[in-house]
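The block underneath contains the structure these notes are about, expressed in structure tokens.
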Amino acid sequence: MGTRRDMPDGPFPFPVIRLPHERLIFARGRGLQDRIADRITAFAGSMAFVYAHVVWFASWILINEGVFGQGAVFDPFPFGLLTMIVSLEAIFLSTFVMISQNRQAGRDNIRADLDFETNVRSEVWSTQIGRALGVDPEEVERQVQQLMAQNGERLKGG
């Protein structure tokens, strides 16, 4: 560990603590395919997607019901081609959603690891500060356990 040069000198050197940010870690593992899947999923979860489909389905049905003449009909009722296209779209969209969910789960794991590291750092720092102040760590731990047990009882009792 070094000392920070931009901080004023005092009785203690300021340690250089570098905690990685989960967004940076996550972005490093994100490739072109992941970005494409995220964009498709983001669009599929938008109102623009809903409006586009409303226009598409309404147009398809109006054309194939003969509103613009029988010569324009290319998929008569029961709209078998439309059904097949919508089914294929649902298959692909569900796949993109699952890809995005898997990536989010990976991101959550990174965040949990960083949270754990931060918690361990905090505990070590707290213990060291407590010792410097003459606090009995066993007494503090006993009080923590007692409070956790009380909260557990409250949660069970409802």
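Under a hydrophobic-cluster definition in which Ile, Leu, Val, Met, Phe, Trp and Tyr are linked whenever side-chain heavy atoms come within less than 4.5 Å, directly or via other members, Ile63 and Trp56 are assigned to the same cluster. Follow the hydrophobic side-chain contacts under 4.5 Å out from Phe77 and you reach Leu62 in the same cluster. In terms of hydrophobic clustering, with Ile, Leu, Val, Met, Phe, Trp and Tyr side chains grouped at heavy-atom distances under 4.5 Å, Phe116 and Val124 are assigned to a common cluster. A chain of hydrophobic side-chain contacts below 4.5 Å, direct or via other Ile, Leu, Val, Met, Phe, Trp or Tyr residues, connects Val86 to Leu88. Grouping the Ile, Leu, Val, Met, Phe, Trp and Tyr side chains by contacts below 4.5 angstrom, directly or via other members, places Phe92 with Leu32.
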Exercise for the section: Evaluate the side-chain contact (heavy atoms from CB on, under 4.5 Å) criterion for residues Glu141 and Gln146: first the C-alpha distance (whole Å), next the side-chain angles of each, then the deciding distance (0.1 Å), finally the verdict. Expected result: CA-CA 9 Å; Glu141 183 61 26; Gln146 183 180 5; over 6 Å; no
Exercise for the section: Might you work through the side-chain contact (heavy atoms from CB on, under 4.5 Å) test for Val55 and Ser59, ending with a clear yes or no? Expected result: CA-CA 6 Å; Val55 170; Ser59 300; 4.1 Å; yes
Exercise for the section: Any chance you could lay out the side-chain contact (heavy atoms from CB on, under 4.5 Å) test for Val140 and Val135, step after step, and finish with the verdict? Expected result: CA-CA 8 Å; Val140 172; Val135 176; 3.4 Å; yes
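Remark: side-chain polar atoms of Asn64 are paired, donor with acceptor, to backbone N or O of Asp75 under 3.5 angstrom. Proximity of a side-chain donor or acceptor of Ser100 to a complementary backbone N or O of Val97 within less than 3.5 Å is not detected. At least one donor-acceptor pair under 3.5 Å links the side chain of Thr41 to the backbone N or O of Phe96.
Phe43 pairs by the ring-ring contact (aromatic ring centres under 6.0 Å, His included) definition with Phe49, not counting sequence neighbours. Residues passing the side-chain hydrogen bond (donor to acceptor under 3.5 Å, both in side chains) test with Asp108 are Gln104, sequence neighbours excluded. Residues that satisfy the ring-ring contact (aromatic ring centres under 6.0 Å, His included) test with Phe74, not counting sequence neighbours, are Trp60. For Asn102, the side-chain contact (heavy atoms from CB on, under 4.5 Å) test picks out no residue, with sequence neighbours left out. Scored by the ring-ring contact (aromatic ring centres under 6.0 Å, His included) test, Phe68 finds no partners at all (sequence neighbours excluded).
Gln143 is not listed as a side-chain neighbour of Glu138, based on a closest heavy-atom distance of 4.5 Å or more.
By the 4.0 Å N-to-carboxylate-O rule, Glu117 lies close enough to Arg121 to be salt-bridged with it.
Annotation: the span from Asp136 atom CG to Arg131 atom CZ amounts to 10.5 Å, rounded to 0.5 Å. Between Gln101 atom CD and Arg107 atom CZ the span is 15.0 Å, to the nearest 0.5 Å.
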Check: residues 78-85 side-chain donor-acceptor pairs under 3.5 Å, at least two apart:
from  : atom 1 : to    : atom 2 : distance (Å)
Thr83 : OG1    : Phe79 : O      : 2.9

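Between Glu65 and Gln70, the shortest heavy-atom distance links the atoms O-NE2, 4.5 Å.
Heavy-atom contacts from other residues, nucleotides or ligands closer than 6.0 Å to CD of Glu123 number 12 or fewer. Atom CD of Gln145 is surrounded by more than 12 heavy atoms from other residues, nucleotides or ligands within 6.0 Å.
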